[in-house]
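Each ligand, and each atom within it, is numbered from 1 in the order the structure gives.
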Amino acid sequence: MCGIVGYIGDSQAAPILLDGLSKLEYRGYDSAGIAVYDGEHIQTQKSIGRLKVLSELTHDGATMPGTVGIGHTRWATHGAPSKENAHPHFNQDETIAVVHNGIIENYLKMKKYLEKKDYHFVSDTDTEVVAHLLDYYYKGDPIEAITKVMHRVEGSYALGIIFLEHPGVVYAVRKDSPLIVGHGKDGNLIASDVPAVLKYTRNVYFIQNEEIAVLTGESIAFYNVDGEEIQKESTTIDWDINAAEKAGYEHFMLKEMYEQPKTVRDTLNPRIKDGAVVIEELGMTDEEIRRIQRIHIVACGSAYHTGVTAKYVFEGMARIPVEVDLASEFRYRNPILQENDLVIIISQSGETADSLAALREAKSKGIKTLGIVNVVGSSIAREADTVMYTWAGPEIAVATTKAYSAQLIAEYLLAVKFAQVRGEITETEVASYLKDLQKLPQQIEMLLSNKERIQHFANRYISAKDVFFVGRGIDYAISMEGSLKLKEISYIHSEAYAAGELKHGTISLIEEGTLVAAVLTQEELYKKTISNIVELTSRGAFVLAVTTTGNTEIEKAADYVIYIPQTNRWFTNSLAIIPLQLFSYYVSVGKGCDVDKPRNLAKSVTVE
Ligand code: AGP
């Protein structure tokens, strides 16, 4: 996923562009570039690798004077990482500069069309097509050219554009890729995400699909795809700037793990009023809730893992059948959806291409959709019929932790609400559930304070080659997330397995000293999982058990035990995941991996 920044105002643009791009590094990238109008030409400088290379090349922007510019960090999709493929891209006479996030799906067809009209390309990117197409349509009116391009290209795009003949203006337009406008005191900005502009302004406009923003140093105007001016409301961002910085922690991931108590409180408390679950944004009457016949939970990665937990909770508490799907599967399997189904899309970024496509698939079949999303104003948040925000604030580390915990809370609240409305639980049970939920933050705090013991244990496994995570029921869902955390930030191969499934093949992989993390938080399944642990240790495995205080029987079977506090059986994921997050974090740190920006990964996968 790429990062876009643009600036126009009284200050030198290049340093602002470089600073803004540095706040977007978390999105993952492999090259970068900026373009600045220097009073005569549009100057550009590009580099591959980290942003500091570009800063060094431009002496932190000093070699590129000018007060109007656009910048970009590129995550390669079409064309390998290279200076030629880095943005900004230009038309042939370098009078139009473009930065782009997204994918132009018909770029090859457009490229052939333009080559027949004697346009020459210098890169392998889809973005360069946009630069030449703007040139092709530009007859002196940038908005006219932009709207014509919007009618010709297919796919997703967030574009920042400057025209040499209109040097006092930055243009921005989006379709399915996020883009915001910041109204600052000494200039105006565009960016892919809020952290890039927070240093300059909190007054932000979220550009919606097929809207065009026209920025001068003093003004911001918006137009629709027909070139008609439209009015938009701004939003005041109340994140403090530290919320998007590390706040003294070594890594964003550690900071965000320690923000989980707050994240849980912020997601939970506004939705508990006078001892009842109140989800105002749900937009569903009690009658509609009673009519739900099946819930489809659709997501990717860790968000999917929360969905697996939610299946157990919804079915166990509210007795509603639940199907959980990987979004990349759901969108292509022509899912069987019926009138009274509810499709829940879970996504931290709200921009994951597969999850957005799954949402659209459900909507195309007329099914009610609910988004559980963290990023305000994101595509999934806007396109779902209703959205339940997880108030986790900006999550910068690629490996999700606080958003994951917030997603679980949102799912628990929905399950309690649905169960209560459908008469599956009593008022007494509601009160008990809410009491347990409201204890989670301090229980998480207690587990986080236990980090030294886990760090010490993790250091023994930084050279592990294979690690297994096993559990039954919700413990299996917890194992999935524990395994992904270890894989994605320490690059150690790992698998999550239903404990009862080991004997059907995987146990053949167990050798002397193989680490197996066994999760046991479901009391009615303890004994079954303990017998699996005995099978594992008898074949040489070293078993780390994560279990609930009081289950001391485990001491006889496991080699190392981490206890979590007692809570309701439906909510144990919120606690058991904490030591597994810490374990993965310290293994990754011990291996010297790039914890916040693991190799090959991006924070939000906005392309297929
Ligand atoms: C989680 O640690 C991963 N970074 C990844 O699996 C992530 O959960 C997945 O890509 C879904 O992202 P989303 O929640 O933004 O849709």
Side-chain angles (χ1 to χ4, degrees), residues 1 26-28 75 176-178 192-193 251-254 256-257 260 263 267 297-310 324-331 344-360 369-384 387-390 392-408 410-411 469 477-478 480-491 494 496 573 577-578 580-585 588 593-608:
M1 184 178 78
Y26 70 86
R27 301 163 70 89
W75 174 259
D176 296 339
S177 275
S192 305
D193 198 356
H251 298 104
F252 279 114
M253 185 177 174
L254 190 61
E256 288 155 8
M257 280 196 272
Q260 290 179 111
T263 293
T267 304
I297 298 176
V298 188
C300 300
S302 294
Y304 167 79
H305 297 155
T306 71
V308 178
T309 290
V324 193
D325 267 283
L326 290 167
S328 53
E329 291 296 310
F330 181 86
R331 66 183 289 191
I344 301 177
I345 306 288
I346 306 169
S347 176
Q348 185 287 130
S349 63
E351 300 297 348
T352 299
D354 286 324
S355 305
L356 181 57
L359 170 65
R360 289 173 178 166
T369 57
L370 165 67
I372 295 180
V373 179
N374 192 45
V375 177
V376 173
S378 58
S379 301
I380 292 172
R382 278 180 304 94
E383 293 191 28
V387 60
M388 189 174 174
Y389 282 117
T390 51
E395 187 174 67
I396 308 299
V398 166
T400 183
T401 50
K402 63 175 185 173
Y404 172 90
S405 290
Q407 288 162 358
L408 288 172
E411 290 154 348
F469 291 76
I478 298 167
M480 290 177 179
E481 178 60 9
S483 172
L484 177 60
K485 282 284 141 320
L486 184 66
K487 279 184 281 196
E488 65 179 331
I489 63 173
S490 74
Y491 316 145
S494 165
N573 191 335
I577 198 59
I578 303 299
L580 299 181
Q581 290 170 347
L582 287 166
F583 172 71
S584 299
Y585 172 78
S588 175
C593 296
D594 188 345
V595 174
D596 287 333
K597 296 191 280 287
R599 67 187 183 197
N600 307 339
L601 293 178
K603 181 56 185 172
S604 172
V605 185
T606 57
V607 295
E608 276 200 78

Under 3.5 Å side-chain donor-acceptor pair for E351 and T606
no
Donor-acceptor pair, side chain of D596 and main chain of A397, under 3.5 angstrom
no
So is L484 close enough to ligand 1, meaning a heavy atom under 4.0 angstrom away?
yes
Indicate yes or no: does an N/O atom of E481 lie under 3.5 Å from an N/O atom of ligand 1?
no
Can you see whether Q581 engages T401 through a side-chain donor-acceptor pair at a distance of less than 3.5 angstrom?
no
Distance alone, cut at 3.5 Å: any donor-acceptor contact between the side chains of S405 and Q260?
yes
Short side-chain donor-acceptor distance under 3.5 Å, E411 and T309:
no
What part of S347, side chain, backbone, both or neither, has a heavy atom within less than 4.0 angstrom of ligand 1?
both
Closest non-hydrogen protein atom to atom 12 (O) of ligand 1, residue and atom name please, with distance?
T352 OG1, 3.5 Å
So do the side chains of K485 and H305 get within less than 4.5 Å of each other, counting heavy atoms only?
no
Do ligand 1 and G350 have nitrogen or oxygen atoms that lie under 3.5 Å from each other?
no
Between Y389 and A381, the two heavy atoms sitting closest are OH-CB, 3.3 Å
When you measure from atom 7 (C) of ligand 1 to every protein heavy atom, which one gives the shortest distance, and what is it?
S302 N, 4.1 Å
Among protein heavy atoms, which sits nearest to atom 4 (N) of ligand 1, and what does the distance come to when rounded to 0.1 Å?
V398 O, 2.8 Å
Minimum side-chain heavy-atom gap L486-L484 below 4.5 Å
no
May I ask you to identify the nearest protein heavy atom to atom 6 (O) of ligand 1, giving residue, atom name and distance to one decimal place in Å?
G301 CA, 3.2 Å
Quick one: are the ring centres of H251 and Y585 less than 6.0 Å apart?
yes
Using a 4.0 Å cut-off to any heavy atom of Q348, which atoms of ligand 1 qualify?
13 (P), 14 (O), 15 (O), 16 (O)
Near A399, which atoms of ligand 1 are under 4.0 Å from a heavy atom of that residue?
2 (O)
Identity and distance of the protein heavy atom lying nearest atom 11 (C) of ligand 1:
C300 O, 3.5 Å
Region of K603 engaging ligand 1 - heavy atom pairs below 4.0 Å
neither
Any side-chain heavy atom of Q348 sitting closer than 4.5 Å to one from T390?
no
I'd like to check which ligand 1 atoms, numbered from 1 as shown, lie under 4.0 Å from a non-hydrogen atom of K485.
1 (C), 2 (O)
At under 4.0 Å between heavy atoms, what of E488 touches ligand 1? The answer is side chain
Could you check atom 10 (O) of ligand 1 against the protein and tell me its nearest heavy-atom contact, residue, atom and distance included?
V605 CG2, 4.2 Å
Looking only at heavy atoms, is any part of N374 under 4.0 Å from ligand 1, and if so is it the side chain, the backbone, or both, or is it neither?
neither
